[in-house]
Every structure is written in C-alpha cells, then in structure tokens.
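For reference, the structure discussed in these notes is given below.
Given the structure is predicted, the values throughout are model-derived calculations rather than measurements. Here, residue 1 is the first one in the sequence, and each next residue gets the next number.
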Amino acid sequence: MTGQEIINSVLSELDIKAPTLAEKIGVLYQRIFDLQKGKTKKVSSQLANAIIKVYPQFQLSWLLTGEGNMLTDAPSQTCLLYTSDAADE
C-alpha cells in the first residue's frame, strides 16, 4: 500500500476528515494533505507514532508498511473482558 492508501484508510476507519485528524494528533494539516495527494510517499515513523498515541487501535507496522492487519485486537479484548466481568456480577 502507498502512504496515500494508508492515510485514506485511516480517515475512512475513523470517519473523519484530514484536517480533523491533523488537529487531533497534533501535526500540521499539510503533512496529511501531502500523503493524500501522493507528494509524500510513505507514512513517517513520527506521524505513525502520533496516530497511535491518539488512536491506539491502529497497528504501527501497518501504518508504516501497509502490510498485515490495520487494527489491533486490543479493543475487542477489552470489551470481552468487560462483558465477562459484568456477567460474573
């Protein structure tokens, strides 16, 4: 996957626009825009880490390479643990 495809997948998954993502993760909108337009070819480790810090459901390796699973399993496990605990009460 290209950086353009990766960032567009992130935006689609979060159902937000590029300026909103930039604001939430604390980067200039231009960095997201350059990825969207193909000017920047890959998601940098700095940008990937900024995304993960706010949106930990994304896999760091996927953000950097586009390979593997986009999302971690952590949110599902948390829900299952919560549901399990609630069922025991």
Side-chain angles (χ1 to χ4, degrees):
M1 290 182 96
T2 65
Q4 181 180 34
E5 292 168 324
I6 292 168
I7 203 66
N8 285 332
S9 294
V10 168
L11 293 169
S12 177
E13 177 67 26
L14 296 172
D15 194 27
I16 60 175
K17 304 282 187 205
T20 304
L21 176 65
E23 182 182 336
K24 296 262 187 198
I25 66 172
V27 301
L28 294 175
Y29 165 61
Q30 188 68 43
R31 293 187 65 192
I32 308 298
F33 181 79
D34 287 347
L35 276 165
Q36 286 186 296
K37 297 304 172 194
K39 182 177 178 184
T40 302
K41 303 296 181 198
K42 292 185 173 193
V43 175
S44 69
S45 59
Q46 182 184 14
L47 182 60
N49 281 314
I51 292 170
I52 297 284
K53 188 174 184 180
V54 178
Y55 301 104
Q57 66 266 39
F58 291 101
Q59 291 274 7
L60 180 60
S61 60
W62 179 83
L63 288 169
L64 295 172
T65 67
E67 296 177 7
N69 293 326
M70 176 172 65
L71 302 175
T72 66
D73 293 333
S76 297
Q77 291 172 351
T78 302
C79 290
L80 289 174
L81 289 172
Y82 178 77
T83 302
S84 170
D85 291 344
D88 290 341
E89 291 179 7

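Applying the side-chain hydrogen bond (donor to acceptor under 3.5 Å, both in side chains) criterion to D34, with sequence neighbours excluded, gives Q30. Scanning for side-chain contact (heavy atoms from CB on, under 4.5 Å) contacts around S9 gives M1, W62, M70, with sequence neighbours left out. Under the side-chain hydrogen bond (donor to acceptor under 3.5 Å, both in side chains) criterion, E13 pairs with no residue, sequence neighbours left out. Q36 pairs by the side-chain hydrogen bond (donor to acceptor under 3.5 Å, both in side chains) definition with N8, not counting sequence neighbours.
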What donor-acceptor contacts under 3.5 angstrom involve side-chain atoms of residues 41-48, with partners at least two apart or in another chain?
{"residue": "K41", "atom": "NZ", "partner": "G38", "partner atom": "O", "Å": "2.8"}
{"residue": "S44", "atom": "OG", "partner": "R31", "partner atom": "NH2", "Å": "3.0"}
{"residue": "S44", "atom": "OG", "partner": "L47", "partner atom": "N", "Å": "3.0"}

For residues 14-26, tabulate all N or O donor-acceptor pairs below 3.5 Å that involve a side-chain atom, not counting sequence neighbours.
none

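Here the CG atom belonging to L63 is positioned 5.0 Å from the CD1 atom belonging to I52, to the nearest 0.5 angstrom. The distance from atom CZ of F58 to atom OG1 of T72, rounded to the nearest 0.5 Å, is 9.5 Å.
Between L35 and Q4, every side-chain heavy-atom pair lies at or beyond the 4.5 Å cut-off. Contact of the I6 side chain with the T65 side chain is not registered, since no non-hydrogen atoms from C-beta on lie closer than 4.5 Å.
Screening residues 17-57 for ring-ring contact (aromatic ring centres under 6.0 Å, His included) gives Y29-F33 as the qualifying pairs, with residues at least two apart or on separate chains.
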